[in-house]
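First the structure, in the form of structure tokens, and then the observations on it.
What's counted below: heavy atoms across the whole structure, side chains too, no hydrogens, waters or symmetry copies. Within every chain, numbering begins at 1; the chains are lettered A, B, ... in the order of the sequence lines, protein sequences first and strands thereafter.
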Amino acid sequence: MRLSQQLFVTLRDDPADAEVRSHALMMRAGFMQKLAAGIYVYGPMMWRVLRKVEAIVREEHDKVGAQEMLMPAIQPKELWEESGRWDRYVQDGILFHFRDRKGTEVCLGPTHEEVITTYVKRLVQSYKQLPVTLYQIQTKFRDEIRPRFGLMRGREFIMKDAYSFDTSAEAMAASYTTMRDVYRNIFTRCGLRFTPVEADSGAIGGAGSEEFMVDADTGEDAIAVCRARDYAANVEKASSRISAPDEPESELSMHLEATPNARSCDDLLALFPELPMTRLLKTVLYRAVWDDREQTIAILCRGDRELNEIKIVNHLDCVGLELADEKQVREATGAEPGFAGPIGLADEVHLLADQSVEGVKGFLCGGNQTDMHWLDVWFGRDLEQPETVDFGVVQSGDLMLDSDDVFELTRGIEVGHIFQLGTKYSEAMGATFADENQKIQHMWMGCYGIGVSRVAASAIEQNHDENGMIWPLPIAPYTVHIVQMKAGNEEQDALAAELHDALEAAGIDVLLDDRKKLSPGAKFKDADLVGIPLRVVVGRDAAERMVEYGTRTSEGRDKVSLEEAIEKIKAAIADAGASCS
RNA sequence: CGGGGCGUAGCGCAGUCUGGCAGCGCACCUGCUUUGGGAGCAGGGGGUCGGAGGUUCAAAUCCUCUCGCCCCGACCA
């Protein structure tokens, strides 16, 4: 490909709205263009990258016998009512949905469990047809509450989703294990440094689940990692043992204290500086929503810990959970917001506690009266300890459940997520088969997603410098960038063309910068920005058939003959392939 | 959904407070000179100042409404 024939425009300045490097660099290099919030046009360069990622995804899936197909983006509401997910997705506000000409409610698919389950159940009658794994690569639609970071969190994005169907839990686990290996191979081949983590299965539902996180400080997800045990989990999922609370010096009887305007832990610490955070209990009020009812939930939590709403939603099995508003707080506590406590809540409030409150003695808590808190409260003596559940967020320094090794917190970008769904969807939607004994059973499902466009963005997030992107060779838009110093010079034109044609003939992706009247400096700057891994400079030694060979990151370049350059390029490609397999 | 901010040339921005010729840098076009890390000189083109309404002799600027985009919060009682 000759650059002179491409719509190639680069910008000198970062776009004003780019928050992360991958976004800014791809915009500057013209890889994409924003059409609306979280919605982008992928330019020719970007599309080449995406197709390379897709090709790797396809190869690795096909290798284990998964079969590619394509499902519709538009899905009827009925299907989502069968699985029971319509209300939850609408509640969360992420579903693009509208009425068609006839007035039927439809949505743009954010995922395809309903469609694939319907498809498979109509085809499969017998255990002899299972197992089967199907996948597609397709644009997905999610009306994200806050799209951001360019391709990282878009409202329209490219995703590979795969679904496995098995005859038993054991067989499902085997399919899942196979896919886990497929995922490791894919991300390794894409040149990414990543961490697989145990995860929550969220709105999709199900049991076993693992996320693949690209290591990056700018990642949106926090990960709890235990290096000693080579274990990692999403903080939403991780469970830990936490430090024991401080013991009070003496046992005093419970009493109310005036705490004017002390609505937060910090305010209270200012009033009672001798009280440790571990003996200060927060009472957080939530409004939980189910399909058929709503209830106010109060959750006790130790002052130095934080609550994890995902764990709360999972425990309550509700479709929505949000902090109670001021009116609801007043109804539940009879006080202004800021003074909620476990004693004297309205009858209809359901009181629960995070496990962090266990063993806490002589604590402070809200008084359910404006400007009042209880002090020196003891469970057992002053009130019954509510049911305790792990609702907490793991913090740095927490211990693992089964050892004394500690967690640290890191960040990552979720590029893949695999789930064992079990029979959740097959039961809801009646996907059954006849087993060896003519007995009708539900299929055991797994689902497996990869954010293809997000993989491309995270590759840049992980591989760039102050001058631009540095693509891993297997997913680079082109493999070789020929920088011709002076287009129009006869020797250079001839040599550059010869190299370009020879590489193309060898099946190597090559980009030739043959733009005229552009200074060498400008060409080098553009080459650095675009970040193609291998580089050949055709310049002053062209008459002697000599060129310079280097990489995007090498300090200098070696002066070599054209033939030597081709050999070096082939060797570099073979090397990249070898290190990734 | 709440709070804040911003919409002026393809991109980055100034001008808005205090109403009075619509500007700068990059990019683009023409010519000449340049050519190994974003070349120089000269000339030039490009704007319904997000949109609608209002105030005024006069509106990018003031007022009202509206649309879009960005950031923060959506996590503590």
Under 4.0 Å, counting only non-hydrogen atoms across every strand here, what does Glu322(A) touch: a base, just sugar-phosphate, or nothing? nothing
Salt bridge (Lys or Arg N to Asp or Glu O under 4.0 Å) involving Lys34(A) - partner list, sequence neighbours excluded: Asp17(A)
d(CZ, Phe391(A); P, C75(B)) in whole Å: 17 Å
Please tell me whether Glu461(A) and Thr218(A) have a donor and an acceptor in their side chains that are separated by less than 3.5 angstrom. yes
How far does the P atom of A59(B) sit from the matching atom of C17(B), given to the nearest Å? 14 Å
Salt bridge (Lys or Arg N to Asp or Glu O under 4.0 Å) between Glu548(A) and Lys559(A), intermediate numbers included: CA-CA 4 Å; Glu548(A) 293 155 49; Lys559(A) 195 192 268 195; over 6 Å; no
Show your working on salt bridge (Lys or Arg N to Asp or Glu O under 4.0 Å) between Asp526(A) and Arg515(A) and close with a plain yes or no. CA-CA 12 Å; Asp526(A) 277 346; Arg515(A) 292 174 295 170; 3.0 Å; yes
Going by salt bridge (Lys or Arg N to Asp or Glu O under 4.0 Å), name the residues that satisfy it together with Lys327(A), two or more places apart in sequence or in a different chain. Glu331(A)
Please report, rounded to the nearest Å, how far the C1' atom of G36(B) is from the NZ atom of Lys559(A). 12 Å
Any strand: nucleotide that pairs with C41(B) via Watson-Crick or wobble, under 3.5 Å: G31(B)
Ring pair (Phe, Tyr, Trp, His ring centres under 6.0 Å) between Phe363(A) and Phe379(A): does it pass, once the steps are laid out? CA-CA 9 Å; Phe363(A) 55 85; Phe379(A) 286 125; 4.9 Å; yes
Rounding to the closest angstrom, what is the interatomic distance between C28(B) and U66(B) at atom C1'? 34 Å
What does the list of N/O pairs under 3.5 Å between the protein and nucleotides 27-35 of chain B look like, with a distance for each?
{"from": "A27(B)", "atom 1": "OP1", "to": "Arg12(A)", "atom 2": "NH2", "distance (Å)": "3.4"}

Roughly how many Å is it from NE2 in His373(A) to P in C76(B), rounded to a whole number? 15 Å
Lys/Arg N to Asp/Glu carboxylate O, Glu156(A) vs Arg142(A), below 4.0 Å: no
Under 4.0 Å from any atom of RNA chain B, heavy atoms only: list the residues of residues 336-371 of chain A that qualify, in numerical order. Gly338(A), Ala340(A)
Salt-bridged, Arg305(A) to Asp398(A), with N to O below 4.0 Å? yes
For G73(B), what is the paired nucleotide under Watson-Crick or G-U wobble rules, both distances under 3.5 Å? C1(B)
Which comes earlier along RNA chain B counting from the 5' end, the contact point of Arg28(A) or that of Ala36(A), where each point is its nearest nucleotide? Arg28(A)
Glu144(A) atom CD is separated from C69(B) atom P, nearest whole Å, by 15 Å
May I ask you to decide whether Lys486(A) forms a salt bridge with Asp493(A), counting only side-chain N to carboxylate O separations under 4.0 Å? no
Both distances below 3.5 Å, Watson-Crick or wobble geometry, any strand: find the nucleotide opposite A58(B). none
Going by side-chain contact (heavy atoms from CB on, under 4.5 Å), Gln484(A) matches just one of Gln492(A), Lys516(A), Arg2(A). Which one? Gln492(A)
His464(A) and Ser22(A): side chain donor to acceptor below 3.5 Å: no
Hey, does Ala335(A) reach any base, or is it just sugar-phosphate, or nothing, if we go heavy atoms under 4.0 Å? nothing
Of the options C69(B), C76(B), C71(B), whose atoms approach the side-chain atoms of Glu306(A) most closely? C76(B)
Whole Å only: how far is the CG atom of Leu268(A) from the C1' atom of C76(B)? 12 Å
Pairing check on G36(B): which nucleotide meets the Watson-Crick or G-U wobble criteria with it, both distances under 3.5 Å? none
Rounding to the closest angstrom, what is the interatomic distance between C71(B) and C24(B) at atom P? 31 Å
Show me the protein contacts with nucleotides 6-15 of chain B, counting only N or O atoms at under 3.5 Å.
{"from": "G12(B)", "atom 1": "OP1", "to": "Ala16(A)", "atom 2": "N", "distance (Å)": "3.3"}

Rounded distance (Å) that lies between atom C1' of C1(B) and atom CD of Gln328(A): 14 Å
Contact class for Cys301(A) (heavy atom, under 4.0 Å): base, sugar-phosphate, or nothing? nothing
Taking the P atom of each, how far is A9(B) from U48(B), in whole Å? 8 Å
Quick one: closest heavy-atom pair of Asp514(A) and Ala487(A), and the distance? O-CB, 3.3 Å
Distance only, no hydrogens: is a donor on one side chain within 3.5 Å (strictly under) of an acceptor on the other, for Arg287(A) and Thr296(A)? yes
With a 3.5 Å limit on both atom pairs, tell me what C49(B) is paired to, counting Watson-Crick and G-U wobble, or say none. none
Gap between atoms CD1 and C1', on Ile310(A) and A74(B) respectively (whole Å): 14 Å
Between U64(B) and U56(B), how far is it from one C1' atom to the other, in whole Å? 16 Å
Counting only Watson-Crick or G-U wobble pairs whose two distances fall under 3.5 Å, which nucleotide matches G25(B)? C11(B)
Would you mind classifying the nucleic acid contact of Glu548(A) as base, sugar-phosphate or nothing, using non-hydrogen atoms under 4.0 angstrom? base
State which of C69(B), C75(B), G36(B) makes the closest approach to the side chain of Leu323(A). C75(B)
Using a 4.0 Å heavy-atom cut-off across all strands, classify Arg305(A) as base, sugar-phosphate, or nothing. nothing
Where do Arg48(A) and Leu50(A) land on the side-chain contact (heavy atoms from CB on, under 4.5 Å) test, with the steps shown first? CA-CA 5 Å; Arg48(A) 292 184 68 91; Leu50(A) 294 170; over 6 Å; no
Considering every strand and a 4.0 Å limit on heavy-atom distances, what is the contact class for Phe149(A): base, sugar-phosphate, or nothing? nothing
Do you know the tightest heavy-atom contact between Ala456(A) and Val49(A)? CB-CG1, 3.9 Å
Between U8(B) and C69(B), how far apart are the two C1' atoms, rounded to whole Å? 15 Å
With a 3.5 Å limit on both atom pairs, tell me what G68(B) is paired to, counting Watson-Crick and G-U wobble, or say none. C6(B)
Regarding Glu358(A) and Thr388(A), do their side chains bring together a donor and an acceptor under 3.5 Å, going by distance alone? yes
Measure from CZ on Arg515(A) to P on A39(B) and round the result to the nearest Å. 12 Å
Is any NZ, NE, NH1 or NH2 atom of the basic residue among Arg21(A) and Asp14(A) found under 4.0 Å from an Asp or Glu carboxylate oxygen of the other? yes
Of residues 522-541 of chain A, the positions that come close to RNA chain B - non-hydrogen atoms, cut-off under 4.0 Å: Ala522(A), Phe524(A), Lys525(A), Asp526(A), Asp528(A), Val537(A), Gly539(A), Arg540(A)
Has the side chain of Arg148(A) got a donor or acceptor atom sitting under 3.5 Å from an opposite partner on the base of G73(B)? no
Nearest-angstrom distance, C1' atom, G5(B) to G50(B): 16 Å
Could you measure between the two C1' atoms, the one in G15(B) and the one in G53(B), and give it in whole Å? 25 Å
